[in-house]
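One-based numbering along the sequence shown. Both backbone and side-chain heavy atoms feed into the values below; hydrogens, waters and symmetry mates do not.
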Amino acid sequence: MTIQYRNGHARADHARRTLVTGGAGFIGSHLCDSLLQRGDTVVCLDNLFTGTMHNIRPLLNHPNFQFIEHDVREPLKIDGEFDRIFNMACPASPRHYQRDPVGTMKTCVLGTINVLDLARAKGSRVLQASTSEIYGDPEVHPQTEDYVGHVNATGPRACYDEGKRAAETLMFDYHRVHGVEIKVARIFNTYGPRMLENDGRVVSNFIVQALRGEPITIYGSGSQTRSFCFVADLIRGLELLMESPAEVIGPCNLGNPHEVTVEAIAREIVERTQSTSLLQFEPLPVDDPKRRKPAIDTAMRTLGWRPEVALQDGLEATIAHFALRIATPDASVPPADHRSGKAVRRRLSLASKT
């Protein structure tokens, strides 16, 4: 199969069948959209722990889209071949991954083993969605892929941080031992439409609080920094990494190197929403990183990728999304039959016949 790169986007010379685990989540659902737009047949698998049917509702009647409700911690038995597997399955915000820390670790370890076993059986190329949390509270700035990190293996964030580190280990061991074709992306702070209102992340928290006129909760002094990448830029990076030459396996940082303080982003959001909210400072959570900025030299050199969406433009799109969601809260609630799994079972039967 020949891969062509046009305007920074990966395109193939024939359609592929692609599995996206965690495909009903924030990033996963945008990835499903993009893969369908380029002509793939997409199987979306999610246990709906943090993903929602609302994110993929427009895709349910697409002839090339199938949804399976399933937990990656359980073995994956799906008929038919897959050319590509994107493993996006895992809650990514501290509020959600700490809600069931043992479950989070199992998702990272057992889930990755199950995905890799499926990739090995199907002869699929597989991309692991890793994270900047691999680096912990970094002592090196900006963070490069060869930095081994400064992490706390026993803290409340360890279920995610260490789980993702273990997932990377499994990816590389399956590659070395079984010859599975792998890609590892280390994703930095990403924002955009479809983030959950209650996920506890900086951008979504600040926007929702500003729109509701509530105090803007800043943990710590606000001087800690983050680098925010708009979701469309990230999706483009994930696709380019997946379609890069076989010898490009990563890890590869994907994020926006534009660094901004947490207080600065809060004030920017207050201004853009024309909110009356005041800033409210609270104690910094345990192991919360003080600085976070990706070095993206690897992505620029091997993928020709760099973020294109300015923070101001991305914030406008994200604010508009949350403003609509808050104004029409019922729109974010999936229909009863989707929650009960009727549509899921129907699509699972379709997938099993593929």
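- The environment of CZ in R99 is crowded: more than 12 heavy-atom neighbours from other residues, nucleotides or ligands sit within 6.0 Å.
- Between R120 and D117, no side-chain nitrogen of the basic residue sits less than 4.0 Å from a carboxylate oxygen of the acidic one, so the salt-bridge criterion is not met.
- Cluster membership check: L211 shares its hydrophobic cluster with I265, using side-chain heavy-atom separations under 4.5 Å among Ile, Leu, Val, Met, Phe, Trp and Tyr.
- A side-chain donor-acceptor contact under 3.5 Å links R125 to the backbone of M242.
- Crowding of K122 atom NZ: a count of heavy atoms from other residues, nucleotides or ligands under 6.0 Å exceeding 12.
- Ring orientation note: the planes of Y191 and F230 are nearly perpendicular, at an angle over 60° on the 30°/60° scale.
- Sparse packing is recorded around NE2 of H150, with 12 or fewer heavy atoms of other residues, nucleotides or ligands lying under 6.0 Å away.
- Salt bridge E162/R165: present, at least one basic N to carboxylate O contact under 4.0 Å.
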### Message
Assess the residue pair E263 and R267 against the criterion (salt bridge (Lys or Arg N to Asp or Glu O under 4.0 Å)); give the C-alpha distance rounded to whole Å, side-chain angles, the decisive distance to 0.1 Å, and a yes or no.
### Response
CA-CA 6 Å; E263 181 176 353; R267 295 191 183 281; 2.9 Å; yes
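- For the pair R17 and E81, the salt-bridge criterion is not met [side-chain N within less than 4.0 Å of a carboxylate O].
- Using a 3.5 Å distance cut-off with no hydrogens or angles, the side chains of Y219 and N205 do not pair a donor with an acceptor.
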### Message
Would E133 and K164 count as a salt bridge (Lys or Arg N to Asp or Glu O under 4.0 Å) here? Give the steps.
### Response
CA-CA 8 Å; E133 299 298 332; K164 286 292 190 177; over 6 Å; no
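- Of all the heavy atoms in C44 and I56, the pair that sits closest is SG-CD1, 4.2 Å.
- For the pair D40 (side chain) and T18 (backbone), a donor-acceptor distance under 3.5 Å is absent.
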#### Entry: Verdict with reasoning, I134 to Y147, per side chain to side chain contact (heavy atoms under 4.5 Å, CB included)
CA-CA 9 Å; I134 288 286; Y147 175 50; over 6 Å; no
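- By the 6.0 Å contact criterion, CD on Q312 is enclosed, its count of non-hydrogen atoms from other residues, nucleotides or ligands being greater than 12.
- With 3.5 Å as the limit, one finds a donor-acceptor pair spanning the side chains of E239 and S34.
- Between A24 and D46 the shortest heavy-atom distance is N-OD2, 3.0 Å.
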### Task
Carefully, step by step, assess L234 and F188 under the rule side chain to side chain contact (heavy atoms under 4.5 Å, CB included).
CA-CA 9 Å; L234 175 68; F188 281 67; over 6 Å; no
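- Judged purely by distance below 3.5 Å, without hydrogens or angles, the side chains of E259 and T225 pair a donor atom with an acceptor atom.
- With N64 as the partner, the side-chain contact (heavy atoms from CB on, under 4.5 Å) test is satisfied by one option alone out of T41, L35, V42: T41.
- The CG atom of L284 sits 5.5 Å away from the NZ atom of K290 when rounded to the nearest 0.5 Å.
- Using a distance-only test at 3.5 Å, with no hydrogens or angles considered, no donor-acceptor pair links the side chain of D161 to the main chain of N152.
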